[in-house]
Protein chains: 2
Amino acid sequence: MIESVKKACQIISCFSNEEPVLGIGAIAEKLGLHVSTAHHIVTTLCDEGVLMKDQKKKYRLGWRVLEWNNHVMFQQDVYEKAMPIVKELILRFKGTVHIAMFDKGTVVFVLRVSSEESTPIQTYIGSRKPAYATSSGKVLLAYNSVYLQETINRGLSHEGPNTITDINQLKKELAEIRKKGYSISNSENSDDMYGVAAPIFSYSGEIIAAVNLVGPPSYMQGSNGDMIIRSLKSTAQSISKELGYIEI
Amino acid sequence: MIESVKKACQIISCFSNEEPVLGIGAIAEKLGLHVSTAHHIVTTLCDEGVLMKDQKKKYRLGWRVLEWNNHVMFQQDVYEKAMPIVKELILRFKGTVHIAMFDKGTVVFVLRVSSEESTPIQTYIGSRKPAYATSSGKVLLAYNSVYLQETINRGLSHEGPNTITDINQLKKELAEIRKKGYSISNSENSDDMYGVAAPIFSYSGEIIAAVNLVGPPSYMQGSNGDMIIRSLKSTAQSISKELGYIEI
DNA sequence: CCCCTTGTTCGACAATATCGAATGTCGTTC
DNA sequence: GAACGACATTCGATATTGTCGAACAAGGGG
C-alpha cells in the first residue's frame, strides 16, 4: 500500500458539495496531515489537473476528474442508451433510479437519477447500505458468491420492517432471484419503500453493478410492477451488452 | 512533486473508452513502469475504490471516480440548472455545447453535450485547443491576464482560415469581448465552424470556465445569433450564480 | 498435462516523502 | 499606513517508503 497515493485519494475525497473549495490548512486538518505534506500532494494533484488553485489560494476539483468520469464504463451507456427508459420510469412512477456496486461488504450507489416530484429518498452518490437489505444489493449477492461470503461475515442486522436477518432465508431468496433475473425489496431498509433491481454484467459474464428503481409501493405494485420489471431488465441488458456481455 | 501520486494519476488516465479494461502488464508498459511498482499503486487505488479488479485480474475505473465527479463544481449546475437551455440550443441549431477551462497554456474541454443530428466536431472530453483560436479560449483570455500571458509566451500559430496571429489584434478583440460579455469565433480553428462563448465566474469573481455553442455558420448567424447569445449568457450567469458569484 | 504468459510477493537498497522550523505573502485591524 | 496575524510556501535533515530485480504463484492455451 502506497501511503502517498492513499493520502492523495483522501485529499480528493475531502471535496464535497458542502465544501467544494478548501485551503491547504483545512485539508491538512481534516486528514490529520502536516500542512507541508498536504501541500506537496496538493501541488502534485494541481499539476495533474485533478485539483485547481484559484487566485485566493483555495483549491477545488479540476477538469481531470471530469475526464476520468467519462471513461468509467457504463457511465456513458447509462446516459446515452439507458436514459430514455430511465427517464420514462422515474416520471411515470415518481421514483428514483440508482446504479449500485458492491464494495468492501456493502452496496455503494454510484449513479442516481430522480424526477423533481419523486418521493425523497436518503441516498446520494457514494452512500452505502447493507447489501442484504436493498434490491440492488440482493442482485449483486445473487450473482457473486464472494460478495455473499463477505456480507455473511459482517453479519445481518435489522434495517427496516421486512429486513431478512436469517442466512438460510437469504440464500433461498437469492436462488429465486437468479431464476427470475431480478430482485425486489419491500420496506427492507426503510419504511414504505419499494424497490426493483436487475443485474449488469461485464464482458466476462461477471456481475459488476445493478440498476434499480425505488418508489412508493402504491405506484409500483400490481400491474405496473410487470412493466417496471420488464423495462428495468431491458435497461440492464442494454448496458451489459454495451460492456461486451453476450447473453447465452 | 510527489512521484507516486503523479504515477497514480497517470495510471488512472490510462483507462479510456477505447481501453476501459487493462491488466497490470499493459499499464506498466504504457507508462514505462516496472510491473511491481505499477502493481503496488494499482492495489492501493483498488483499495480506495478508484479502480476495481475483476475475477480475470483485469482492472477498470471504480465507483469512487463517479463520486468525485459529482463533487466537481458546476458539474451538477450544468446538468440540473443549465441543461434545459442547453438542450434547447443544441436541438434548435444542430450544434454542440462545451464547457472549457484553461490549463497549462491551452483550453481543455471538460463537458460536452450534442444532439444526435449535430454536425460532427472533433472534440472530446479532455481534448485541447489553442486558446486564441476558440470562442471559449478567447473568453478565458479576456478575463484573466495570467492566462493571456501564458498564451502569448507559447506563441500564436495559424490554426484555421481566420486565426488571429497578431498579438495586438488579439488584445483588441479581448477588450471588445470584455465590453460585450461574450466572444465569437468564425472558422478560427477549423473550417466552417461558428462558435459563441460566455464566461463562468467563481464566487471570488475569477473566471473559471466558459460555456460555448459550436455549429454550422448558416444556423447561427443573423437573427438567430442574438437569441443564441442571450441564451448562452444567461446559462453562464445561472451557473456562475450557483457557484456563489454575485454580479455587480 | 505441461508450458508459457501474466500477476503477485519478497528483500535490499537508495531515493524520497515526511516533519519541524523558518520564510514569505496576503488580508485585516488598529 | 503600519504592524499584526493567519495562512501558504519553501527549506533541510532524517528515516521511512517506494523502487527495482528476481523469484514465486496462478491461470490459460496448446
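Below, chains carry the letters A, B, ... as their sequence lines are ordered, and counting in each starts from 1.
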Can you tell which of [options] lies closest to the side chain of [X]?
X     : options                : result
A:H34 : C:dG20, C:dA17, C:dT8  : C:dG20
A:T37 : C:dA17, C:dT18, D:dG27 : C:dT18
A:K53 : D:dT9, D:dT19, C:dT18  : D:dT9
B:I24 : D:dT9, C:dT18, C:dG7   : C:dG7
A:H40 : D:dT9, C:dC19, D:dT19  : C:dC19
A:E3  : D:dT10, D:dG27, D:dG18 : D:dG18

Rounded to the Å, how far apart are [X] [atom1] and [N] [atom2]?
X     : N      : atom1 : atom2 : result
A:H39 : C:dT23 : NE2   : C1'   : 13 Å
B:D54 : D:dG27 : CG    : C1'   : 14 Å
B:I2  : D:dT19 : CD1   : C1'   : 16 Å
A:Q55 : D:dA8  : CD    : P     : 16 Å
B:L33 : C:dA15 : CG    : P     : 18 Å
A:I41 : C:dA17 : CD1   : C1'   : 9 Å
A:K57 : C:dT25 : NZ    : P     : 8 Å
B:L31 : D:dC20 : CG    : C1'   : 17 Å

Does [X] place a side-chain N or O at less than 4.0 Å from the phosphate oxygens OP1/OP2 of [N]?
X     : N     : answer
B:Y59 : C:dT8 : yes
B:K56 : C:dG7 : no
A:K58 : D:dC7 : no

Between [Y] and [X], does any NZ, NE, NH1 or NH2 come within less than 4.0 Å of an OD or OE carboxylate oxygen?
X      : Y      : result
B:D103 : B:R128 : yes
A:K104 : A:E150 : no
A:K56  : B:E206 : no

| field | A:G23 or A:M1, whichever maps to the more 5' nucleotide of DNA chain D | value | A:G23
| For A:F15 and A:Y59, what are the C-alpha separation, side-chain angles and deciding distance, and is it a ring-ring contact (aromatic ring centres under 6.0 Å, His included)? | CA-CA 9 Å; A:F15 296 87; A:Y59 298 89; 7.8 Å; no
| query | Is there a donor on the side chain of B:S36 or the base of D:dC20 sitting less than 3.5 Å from an acceptor on the other? | reply | yes
| request: Using the side-chain contact (heavy atoms from CB on, under 4.5 Å) rule, take A:T134 and A:S185 through it: C-alpha gap first, then chi angles, then the decisive distance, then the call. | output: CA-CA 6 Å; A:T134 60; A:S185 96; 5.6 Å; no
